[in-house]
There are 2 protein chains.
Amino acid sequence: MGSSLKEIAERVGTSTASVSIYLNNRDTKRVSSAMKKKIDVAAKELNYRKNIFASSLSKSESKVIGILIPSNIPLFKNGYTNSLLSGIQSSLALKGYSLLFFPSSASSSKENVQEQLQNSAGCDGYILFSTGFCTMEHILWNIRELENTGKPFVTLNIPRVSKEVNQIIIEDLTSLRSLEYLLDAGHEKILLILGRTNGEHMQFILTEYRKILKQRKIPFDNRRIIYGNYSHKDTFLKVSNFLAVHRDISAICAMSDLMASSSLAAVKATGLTVPGDISIIGRNNSLYSELSDPPLSTLEMKIEDAGRSAADLLFEQITNPATCRKIFISGEIIERQSVNEKS
Amino acid sequence: MGSSLKEIAERVGTSTASVSIYLNNRDTKRVSSAMKKKIDVAAKELNYRKNIFASSLSKSESKVIGILIPSNIPLFKNGYTNSLLSGIQSSLALKGYSLLFFPSSASSSKENVQEQLQNSAGCDGYILFSTGFCTMEHILWNIRELENTGKPFVTLNIPRVSKEVNQIIIEDLTSLRSLEYLLDAGHEKILLILGRTNGEHMQFILTEYRKILKQRKIPFDNRRIIYGNYSHKDTFLKVSNFLAVHRDISAICAMSDLMASSSLAAVKATGLTVPGDISIIGRNNSLYSELSDPPLSTLEMKIEDAGRSAADLLFEQITNPATCRKIFISGEIIERQSVNEKS
DNA sequence: TTGTAAGCGTTATCAG
DNA sequence: CTGATAACGCTTACAA
């Protein structure tokens, strides 16, 4: 039952100072070994456990990292975000840090982060996420809020920002490397499957898309873009509808493995074969791509590495504050059996 | 920069008490509206944010729930655990609770929880997970540790325990309902694909397995059990090897959708068809089962519901401590296109 | 080797 | 309406 240092001290007849010091450093010379034993016994009997709030307050160091996610949709549902988190946690846990996830009920991504930050003072640092829903304006606002805390923080999953902030930049977040891979394989008529119509990420990708087409002198055709909402059903339906009308494409480039899988299902359903008639490439190297029949080639984005890097960078800034850094994570194409050379 | 109530109070010429009370209740009558405005200005200028550690210490209430996971392998990697967490978070966030994940470096599940608990006093409650790796002995030990904290807690993902503890019992964790479904469809020679050889869950399932076979007067055949380690490669390999020798089975019952998908791939690779030659059923109703070709029938376990229930029960125990409760979550079979009636 | 006491930032009580 | 002040439980000088 919530015992305190004071209770232990009283029981063994010493000061809280001695108890605290011993419990935090069993090798201390400050406490006699007789007293050490007594403390051990009392601590066990009283079920002593350190109060993290008292300790953090006293030390002005909490070993707690606040995770700020600008959305109030349920956490831990998105495979992509989970990989990021997994990377973060695996690295930070080694260094003895806990992770704190705040509640939020606001509706905009801006207010969400603000709300989470409201009761967060005392954390040793923060990691700021962004999602596909965020606009650049909100992202910058959130960064400003975070700067005002005076605590170290790093941003993750956000397109490159000119501001002087610690950033892990997942290059392929805004690249179309997988599209270029198809292009290099000789495909020209390609169906592009994006996630959502809104959000900053997709804007970057669209810009990139036009740039690539221009470079290769391929006309831009609005009809060859589909928004699959990262949903199996949506993607399946939209690709099916597309194929019912347009059979002239030779490849599909999807911005997630899930949507690639769904496209695969749609292609098969129309009687076409992969990669015989249509080549498909996904993104993420998630299990979906590996389990598909045929296994899908994909753009592995090194998401977990990104999470780990974020943690490492944050740790660096906490222990030894230095000038801001931007770290780039670049992925690679995983070749499996869903892409053919186009002759 | 970490400003405090005191700074605000000094700047506007009042006491910390007034500032605190106003900031926690904007409608208070204690503070004059003139003073309210001044406080607002100062709070904004100084970037005031409440220190969660000081506040929690003072109130003896933190609005923080500790999540105890008896393993130090990276979190957020397992789809099953993530669903549980998602359910928990979605419910607890509504009630204003934060989630705290502690680091741990120990090797045994018992020491892990102990370590996490060590610095955890001050949380308002705990949720104790168990994994397939835990033995019953460790689980019970962990529960005892938790009882010693005197704080409310609920256990999740643990087989039913006779002790008086709050428990969310996921019935299908230890059921073989999907196997019975195949049996009911007329299949008798069934390949059972379990996860791991160790851990308490699988022991329960094995016991259940023998019981069911006995009831139906089907001989137990050790060779018809494969351990897929929840791994695609392992499962694919082992099922392939199995089929190379034994072609007499008519169905496969896998304890995860992933392993079901992998089995499907293996079956197809040998030239057999699903469900023509072999029926397959998975477990979890994850996207894997939906995306497979053909889509796999599966046992939906209502994992997220379990997480939500855990959160709700914990909240109930925090706000209005009562006698312990055990809540049962039962799943249902999702019928898709991978199971045929065996004539 | 040990005890005393100040302080961490909030909240809550109580007297005005 | 308001200001002192004593908690909350722990850490850390500083003294002894």
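- Between B:Glu145 and A:Arg49 there is a salt bridge, since a side-chain N of the basic residue sits under 4.0 Å from a carboxylate O of the acidic one.
- Crowding of B:Lys6 atom NZ: a count of heavy atoms from other residues, nucleotides or ligands under 6.0 Å not exceeding 12.
- Atom C1' of nucleotide C:dT1 and atom CG of A:Asp27 are separated by 16 Å, given to the nearest angstrom.
- Under a 4.0 Å N-O distance rule, the pair A:Arg11/A:Glu7 does not qualify as a salt bridge.
- Taking side-chain N and O atoms only, B:Asn24 has no distance below 4.0 Å to OP1 or OP2 of C:dT10.
- B:Gln167 pairs in a side chain to side chain contact (heavy atoms under 4.5 Å, CB included) with only one of the listed residues (B:Ile158, B:Leu156, B:Leu313, B:Ile327), which is B:Ile158.
- Under a 4.0 Å N-O distance rule, the pair A:Arg308/A:Asp305 qualifies as a salt bridge.
- In this structure, B:Lys29 places its NZ atom 12 Å from C1' of D:dC1, rounding to the nearest Å.
- Across residues 50-59 of chain B, B:Leu57, B:Ser58 each have a non-hydrogen atom less than 4.0 Å from an atom of DNA chain D (numbered order).
- In this structure, A:Glu137 places its CD atom where only 12 or fewer heavy-atom neighbours from other residues, nucleotides or ligands lie under 6.0 Å away.
- To the nearest angstrom, P of C:dC8 lies 22 Å from NZ of A:Lys63.
- Counting to the nearest Å, the C1' atom of D:dG9 and the CD atom of A:Glu7 are 11 Å from each other.
- Atom CG in A:Asn25 sits roughly 16 Å away from atom C1' in D:dC10 (whole-Å rounding).
- A salt bridge links B:Asp312 with B:Lys95: the distance from a Lys NZ or Arg NE/NH1/NH2 to an Asp or Glu carboxylate oxygen falls below 4.0 Å.
- Taking the six-membered ring where the residue is Trp, the centroids of B:Phe101 and B:Phe76 are separated by under 6.0 Å.
- Here D:dT12 presents its P atom at 9 Å from CD of A:Glu61, a figure rounded to the nearest Å.
- No side-chain donor-acceptor contact under 3.5 Å links B:Lys36 to the backbone of B:Leu23.
- A:Tyr22 comes within 4.0 angstrom of nothing in the nucleic acid, heavy atoms only.
- To the nearest angstrom, P of D:dG9 lies 18 Å from CD of B:Gln118.
- Atom CZ in B:Arg49 sits about 15 Å away from atom P in C:dG9, given to the nearest Å.
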Would you tabulate the nitrogen or oxygen pairs shorter than 3.5 Å linking the protein to nucleotides 3-5 of chain D?
residue	atom	partner	partner atom	Å
D:dG3	OP2	B:Thr14	OG1	2.1
D:dG3	OP2	B:Ser15	N	3.2
D:dG3	OP2	B:Ser18	OG	3.4
D:dG3	N7	B:Arg30	NH1	3.3
D:dG3	N7	B:Arg30	NH2	3.2
D:dG3	O6	B:Arg30	NH2	2.3

